[in-house]
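Here's the structure, in structure tokens; my notes come after.
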Amino acid sequence: MPVHNADIATLFEEIADLLEIENANPFRVRAYRNAARQLQGMGVPAADMVAKGEDLTELPGIGDDLAAKIQEIVETGKCRFLEKLRKQTPPTITELLKIPGLGPKRVRALYHELDVHTLEQLARAARDGRIRELPGFGAKTEQTILEAVSAHAEKQTRFKLAVAAQYAEPLKKYLEKILGARQVVLAGSYRRCKETVGDIDILITTTDPEKIMNRFVAYDEVKDVLAKGSTRATVILKSRLQVDVRVVEQDCFGAALQYFTGSKAHNIEIRRLAQERKLKISEYGVFKGDKRIAGDTEESVYRSVGLPWIPPELRENHGEIEAARAGKLPTLVKLADLKGDLHAHTKATDGHHSLREMAEAARSRGLEYLAITEHSRRLAVAHGLDPQRLRKQMNEIDKLNGQLKDITLLKGIEVDILEDGALDLPDDVLSECDLVVGAVHSQFHLSRAKQTERILRAMDHPHFTILAHPTGRLLDTREPYDVDMLKVIRRARERGCFLELNAHPERLDLLDIYCQMARDEDVLVAISSDAHSAQDFDNLVYGVGQARRGWLEKKDVLNTRPLKLLKPLLKRTMI
Ligand code: DGT
Ligand code: CA
Ligand code: CA
């Protein structure tokens with residue numbers, strides 16, 4: 001069974017964390033982080049490249065040393081260097097890293113200065129007021145840490161959708177290959193495209209349930225079998241992801257799929273509708289008395305309660321049932337509707353590929369335009385552009401556009417929004433861009449009033465076009481910053497600006513509720529990959545999933561416009 005890219009990336013991240021805690025050379029730490037990121041975004045499994053004897057050092061950011069480590073992990077499942085590092089550090093230290101706001105640098109200080117090894121010791125140190133004494137911490141940070149520790153204790157571990165996909169899709173393929181398996185469907189929150197999933201729910205129809213169950217628990221990646229019967233089984237994979245499998249009769253398939261897709265809140269509402277009609281719905285079908293009247297397809301289940309089929313992404317009991325009843329379900333945007341991408345980086349800053357490579361990758365996915373939006377100078381860690389380097393890139397883009405067929409590069413910038421709402425580059429150079437994507441990359445903890453004012457001011461800038469990752473959240477590590485999104489959306493409407501839905505699996509930011517809000521306020525949303533390498537365009541599908549959860553239709557999405565219609569929209573008309 002191959003090692004997944006996500007597994008290798010996790011090991012590399014751990015190496016980087018441990019090195020950083022031990023105060024290693026920052027360049028070395030960065031090399032591991034970049035490699036982890038590269039692996040996360042890659043469509044091709046590194047294990048396949050190793051199996052084919054391909055040269056891993058061809059990958060961006062992978063040198064001889066990292067290539068050897070990837071090969072070692074693929075072949076042995078282990079990394080001796082990491083094991084050595086782990087022995088040097090108390091194992092509980094890495095638990096501290098899971099607390100939002102605690103990066104390796106802070107953990108290093110807590111560990112070396114205060115001798116904090118465990119979460120309990122961390123909470124005690126915070127309560128005793130010892131953390132505020134450390135340089136770079138302070139009373140506010142101490143309080144935040146205390147709150148985060150208690151929040152962490154309550155939160156069970158969930159998997160990001162894209163990470164769950166790396167485990168769920170190969171398992172699905174494995175199950176499909178078993179002779180006698182008919183349909184194998186991933187249901188639950190995974191099918192609803194939730195940003196994170198608690199576990200994977202798989203529904204299988206077959207003529208031979210016993211065989212399916214035996215083969216399922218024999219899957220190479222199964223670590224523990226929690227339950228196994230003839231129709232249901234639950235296992236934990238080596239990745240710690242839990243998987244529930246249910247085997248059902250073919251003629252119950254629709255009812256079972258509807259039931260196990262959820263959400264629970266949606267199902268409860270559907271069952272209530274059924275009761276009003278003196279019907280009973282279960283995972284086995286729709287019943288009138290003892291007679292089964294529907295259940296072979298999902299459509300038949302919804303039809304029995306007088307509704308059209310409802311797309312899984314909408315099934316959260318957030319108004320979809322009323323909309324379905326009124327014949328007002330949205331026709332949700334699809335991946336194929338996207339005509340271009342409005343946020344991408346190249347190796348001029350922290351990306352891994354050249355302008356031409358990025359353009360060709362976007363074209364190969366059927367896109368007709370791609371905006372290059374590098375970081376601006378303020379973001380020094382990403383080697384952000386100053387006006388001179390930005391102008392140089394704009395010249396290169398002009399030249400390249402003369403040579404490229406079937407794809408147009410747009411000249412953009414991801415400019416930092418400074419603390420006072422000013423933009424990080426002068427007006428004259430911004431005015432030369434086709435679009436200006438503004439982003440908050442610092443000062444996440446401003447008060448709601450100040451954060452909102454900061455963003456509104458940035459949008460008032462005559463050249464501002466799109467607000468990047470509008471809430472700043474990172475799924476594992478950072479809560480959204482506090483901002484009045486309705487005010488932001490209304491200002492965008494007034495100023496003719498747009499909001500981004502950043503498709504990076506770690507961000508998926510705009511949140512679904514704000515997508516709905518943007519649509520209700522007539523503000524278009526740009527579904528953007530934020531690609532840092534050619535493979536990252538694959539992430540657009542997660543952005544589309546999130547947009548669908550936010551009820552967006554093709555017309556609500558900026559980059560479903562062909563270039564000809566996009567251009568007049570980017571030209572700021574309402575200043
Ligand atoms: P997750 O795994 O936490 O991301 O969320 P789900 O939605 O996948 O939830 P899960 O795995 O507990 O259950 C899968 C589906 O099964 C759920 O979406 C709806 C259905 N289901 C589970 N328990 C109940 C229940 O008590 N009542 C009803 N009506 N449906 C349930
Ligand atoms: Ca689930
Ligand atoms: Ca489940």
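Just so you know, ligand 1 is whichever comes first in the structure, and atom 1 is the first atom listed for that ligand.
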Indicate yes or no: does an N/O atom of [X] lie under 3.5 Å from an N/O atom of ligand 1?
X	result
S189	yes
T196	no
S263	no

Shortest non-hydrogen contact between [X] and [Y], atoms and distance:
X	Y	result
N502	H469	ND2-CD2, 3.6 Å
G180	T206	O-OG1, 2.7 Å
Y167	L241	CB-CD2, 3.9 Å

Suppose we only allow N, O or S atoms; which atom of [X] ends up nearest to the Ca ion (ligand 3)?
X	answer
D244	OD2
D201	OD1
D199	OD2

Quickly, which of T331, T560, L332 forms a side-chain contact (heavy atoms from CB on, under 4.5 Å) with K554? Name it, please.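 Output: one option passes, namely T560.
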
Can you list the ligand 1 atoms lying under 4.0 Å from a non-hydrogen atom of [X]?
X	answer
R158	1 (P), 3 (O), 4 (O)
V197	4 (O)
G188	8 (O)
D201	8 (O), 11 (O), 14 (C)
R192	7 (O), 18 (O)
G198	1 (P), 2 (O), 3 (O), 4 (O)
R271	28 (C), 29 (N)
N267	19 (C), 29 (N), 30 (N)

For [Y], does its backbone N or O pair with a side-chain atom of [X] as donor and acceptor, under 3.5 Å?
X	Y	value
D509	G472	yes
S300	G295	yes
K211	I178	no
R292	D251	yes

Do any heavy atoms of K264 fall under 4.0 Å from ligand 1?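 Yes, that is the case, since the closest heavy atom of the residue is under 4.0 Å from the ligand.
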
May I ask whether H266 places a heavy atom under 4.0 Å from ligand 1?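 No, H266 has no heavy atom closer than 4.0 Å to ligand 1.
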
In Å and rounded to the nearest 0.5 Å, what is the [atom1] to [atom2] distance from [X] to [Y]?
X	Y	atom1	atom2	value
L329	E322	CG	CD	10.5 Å
R507	L474	CZ	CG	5.0 Å
Q258	Y302	CD	OH	4.0 Å

Hey, looking at atom 21 (N) of ligand 1, which of F159, F260, Y259 has the closest heavy atom?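 Result: the heavy atom closest to atom 21 (N) of ligand 1 is in Y259.
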
Using a heavy-atom cut-off of under 4.0 Å, does the side chain or the backbone of D244 touch ligand 1, or both, or neither?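 For D244, no heavy atom sits under 4.0 Å from ligand 1.
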
Heavy-atom pairs closer than 4.0 Å: do any link ligand 1 to the side chain of Y190, the backbone, both, or neither?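 Looking at Y190 and ligand 1, no heavy atom falls under 4.0 Å.
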
Classify the angle between the aromatic ring planes of Y219 and Y174 as parallel (below 30°), tilted (30 to 60°) or perpendicular (above 60°).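 Because their plane-to-plane angle lies in the 30° to 60° range, the rings of Y219 and Y174 count as tilted.
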
